[in-house]
Every structure is written in C-alpha cells, then in structure tokens.
Protein chains: 2
Amino acid sequence: MPDSIDPALPERFPGRTRKRAGTDLLAADVHARLRTRILTFEIQPGSRLVEDEISASLGVGRTPVREALLRLQGEGLVSRRKGWVVESTDADCIDRVFESRVAIEGYATRLATLRASSADICDLMALVEEMDGFDTMSRAALNQLNRAFHERIVTLSGNPFFVEMHERTQFHYWNMRLPVLFTREQAVMTNEQHRLILGALSSGDPDDAERHARAHVATTHRIVRDALDG
Amino acid sequence: MPDSIDPALPERFPGRTRKRAGTDLLAADVHARLRTRILTFEIQPGSRLVEDEISASLGVGRTPVREALLRLQGEGLVSRRKGWVVESTDADCIDRVFESRVAIEGYATRLATLRASSADICDLMALVEEMDGFDTMSRAALNQLNRAFHERIVTLSGNPFFVEMHERTQFHYWNMRLPVLFTREQAVMTNEQHRLILGALSSGDPDDAERHARAHVATTHRIVRDALDG
DNA sequence: TGTTTGTTCCTTGCGTGCAGCGCACGGGAC
DNA sequence: GTCCCGTGCGCTGCACGCAAGGAACAAACA
C-alpha cells in the first residue's frame, strides 16, 4: 500500500521546517492525513502501514508517524499485528456498531430535547428542509447533510462523552463501503423520520424523541443490512 | 475500586532486561503501572508527569513512557497542557459520566436480556446473594462485587463496544474519590435494584430490564451527588 | 514602581541508530 | 515430493541526543 499513500502531496513540510508550535503539530497532521485516507478508502482495509514508508513519503521522522499510528489504534482504525494493519469492519461488526448507535443517539436525542434552544431547533429544521431537495442533490451531498443532522443532535446533548462515542461509531460506519445508500424512497423515509425526531425535540417530549431516534437508527440499520446482503 | 488495584507494585524491571517479546511489553507495562497509580490516587489528579522522571524511576527509555502516556491520554486519564497532567474529574463532569452510564448500561442490560443464558443469570444471582452479606463485608469488598455485577451484565450484552464504553466511564467514576459509599441503607437499596434488574433479565423482559438498569444508575448518581454535596 | 525585555533552565517534540523478532525463502535429508 | 531447519531481511521496539518553546526570574528602562 505504499503507493496509495498520497502521491499528490509530495513535499509539504517544505524544507524540514520543524516549526513545532507548542503541541506536536507534525503528529497531529500525520494523524489527520492518515485518518482521512483510511476513511476514504484511499488506503484500503487490510493493507499494511510501514512506518518508514509513511515517514519518507511525508518527509517527517518516524516519531510523529508512530504517535499518529498510536492514536489511530486508539480510535480502532488500525491494529498492531506484526506491524500496522488497517482495520476492516466486517458484516458481523455492523450489528454491533448499530447497537451502539441506537443506545448513544437515542439517549443523546433525549438529552438534546432537554437542552436544545429554539435557535438550535431552527438550525436543524433548516438542515431537514435542505435535505428535501434530495432529487437535485448528489448522494454524497445528501450523506453529508444527513451526517450533519445526526452530529448536531448529538452535540446538542451537551455531553462530550456522547459526541466522542458517536464519532467512534462513525469511524466503523464509514469503514464499511456502503453500496447504494439513499435511494429516493430511502431519502423520503429518512426525512420523514428526521421530522418526527425534530417534532419531538421542539415539543419537548424526551420519551418520544428517544423513541423516534431509536427507530430511525434501526431503519438505517435495516437499509444498510439489506444493501449488504442484496 | 481503588483498593482492589494491587497496591503492592514493587520494582520490577530488574536490571534493564530488554526482553522485547514481540509486541511492546515495556509500553504496556508502563501504561498499566501508571494507570494503577493514577486510579489509586497514588499519583494525585492535577499533578505533573515528567517523562524523564518516569523513565528514570522505571529504568526504561522515554519511548515506552511516551507511548504509555499517549494511551492514558486516549483514555482521558491525562492531558497535555504544556506537559503531562493527570486529569481530575470535577463535579460538573460527574453528571456527564452518569448520563453516559445510563445510556450505556441501560441498553447493555436490554441486550443482555436477549442474550444471557440461564447459566449467566445463575452467576449473576450468586453475585447478588453474596452481596446480601454486606453486614459482614468491607466496603471495598462490597464495591468489588458491585463492580463485578455491572461489568458482567455489560459483558453479557455481547457487544465489545459497550464493554469499552463502560470501562471508559468507570475511569472517570473512579477518578472522583467517593467519600462514604455503601452505607447500610444504600447497600440494601442496591441489592433491591440489582434483584429487579435480574428479575427482568431472567423473565426476558428487555423493556423492564432497561428501565430498572436506568433507575439503578440514576439512584447511584443521586447517592454520589449527595455524598459530594453533603 | 510598573512594564518590558533578556536570559536561563526545564521539558517535550523530533530524528535516528541499533538490535531483536518473525516470516519467508531456500536447501538438505528422508 | 514433503518436511524440517537454517538463514537472511524487513520491520518494529527501544534508547538517546539535539534543539525549540515556554515559563520563571531577573534586570533595565520608562
């Protein structure tokens, strides 16, 4: 997989600037780059990551590369099995991921009901309405909006733990290549459910909000599973 | 929990053995040691950790120490603010931790209801009955049993994500020195609630199980908050 | 006296050399 | 032909040195 390590960014880090702005910038940068490449499948699951190659290709030493890999390991994106290997999310894992999402997003939505301001709800409504234009949008754009909606609700829970846990599940979620997501009817259903959640949110009914959120995640689970089986 | 963490940690690392058994042993060991010391408050929240000092005191190089600290950072036990600092869990954080526990343990208990075998339930029942002897036990032993009960249920969810998330909350949970936990009446109430959960588990009622689990965590939350306020 | 600047030390960020696992490959024996 | 063992190499685990950044303290100037 060395070839896939972004041929397009030959020397950033110009002449070994070594700019060290307080906290480790290099490691953070390497981490971000690697993570992006992994999540976009530019580096495929299962491929080996060699410290020297990354370090050479990015023009940094092995130490920041090492730290980046360590962080990726903590995020569950790579593992150390006789060298660094990009983790893959198998079908069996999907059920586990969605179970987590039900628990996390369900309760986060409950909390959001108690804490969201009317301005927050307006923002969410704007997102939902934007998603109504699914007929004229790319699936990627739709996906982005969808993600934004869920992310924002979780953030509105006001609890950073939920944000972190949610983010963690997203890694694995992205990690399975979702074949065809967001057919037209799926988009319709998604928007319907988003409106249900939003309705509960704005009427301040936590039970309803949690119930709808759970149902929505369950629906998505079903869609994903069907897509993978079919 | 702190009491149970093996306070007897004499100087291992005899004369710089350097035995490298495949995967990094040193880093893992340093990590475990540091974590133990932090969770037992041998190293107090807020204190600075200096890489050189740790490395010298353990007789290893800075690299494994660094990796250990990085892992601790990932676990939320230390942070990097101009050097390594042991995180403290402030009162404000407690509410967030318990919110997570409600979501995680609640849903984990629901899953456990669907997946636990009768043998598993017997094991749990044995734990509960052992806890009935609270009058003749130390608080530490009681705490240990309590932890075992919760841990086992989360494990019975069959979902490693829940186990990991639960463990994560426990770190912060331990991180606040709980003053007087498990007074007699609290022990009575705890056992009552454990039995309710177990009852729902054995009768296979997921809704009830989740409800009771949530209520139990909420009760504990109240106890802890009272203990900290009073 | 207050503010600003210079200096020094402390600690981490980073690079790098070295050595030891393990795996793959190849050669010999049965 | 198959199995076993030796050997080489790829890669990581670890130690260590260097320098940058920042904080604290001191000194000088307004």
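The shown structure was predicted, so the numbers you read here are calculated from the model rather than taken from an experiment. The sequence lines fix the lettering, A, B, ..., with proteins before strands; numbering per chain opens at 1.
If you look at A:His194 and A:His150, their ring centroids are closer than 6.0 Å.
Side-chain atoms of A:Leu26 lie closest to C:dC14 of the nucleotides D:dC11, C:dC14, D:dC14. Closest contact between the side chain of A:Glu51 and the listed nucleotides D:dG13, D:dC14, D:dA15 involves D:dG13. Closest contact between the side chain of A:Val50 and the listed nucleotides C:dG15, D:dT12, C:dT11 involves D:dT12. For A:Arg62, whose side chain is taken as the heavy atoms from C-beta onward, the closest listed nucleotide among C:dT12, C:dG17, D:dA15 is C:dG17. Proximity note for A:Lys82 (side chain, C-beta onward) versus C:dC23, D:dC11, D:dA23: the nearest is C:dC23.
Comparing A:Leu69 and A:Thr63 along DNA chain D, the residue whose closest nucleotide (by nearest heavy atom) sits nearer the 5' end is A:Leu69.
The phosphate of D:dG13 has OP1 or OP2 within less than 4.0 Å of a side-chain N or O from A:Arg80.
Rounding to whole angstrom units, CZ of residue A:Arg48 and P of C:dG22 are separated by 14 Å. Nucleotide D:dG13 holds its P atom 16 Å from the NE2 atom of B:His31, rounded to whole Å. As a whole-Å value, the separation of B:Asp52 CG from C:dC9 C1' is 13 Å. Rounding to whole angstrom units, CD1 of residue B:Ile54 and P of D:dA15 are separated by 13 Å. For the pair A:Leu70 CG and D:dC14 P, the interatomic distance rounds to 11 Å; values are reported in whole Å.
Within 4.0 Å of B:Leu49, counting heavy atoms only, lie sugar-phosphate atoms of the nucleic acid but no base atom.
Qualifying side-chain hydrogen bond (donor to acceptor under 3.5 Å, both in side chains) partners for A:Gln73, counting only residues two or more places apart in sequence or in other chains: none. Not counting sequence neighbours, the partners of A:Arg110 by the salt bridge (Lys or Arg N to Asp or Glu O under 4.0 Å) test are A:Asp207, A:Glu210.
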Would you check, one step at a time, whether the test salt bridge (charged side-chain N to carboxylate O under 4.0 Å, His left out) holds for A:Arg35 with A:Glu167?
CA-CA 13 Å; A:Arg35 200 176 74 165; A:Glu167 195 184 357; 3.7 Å; yes
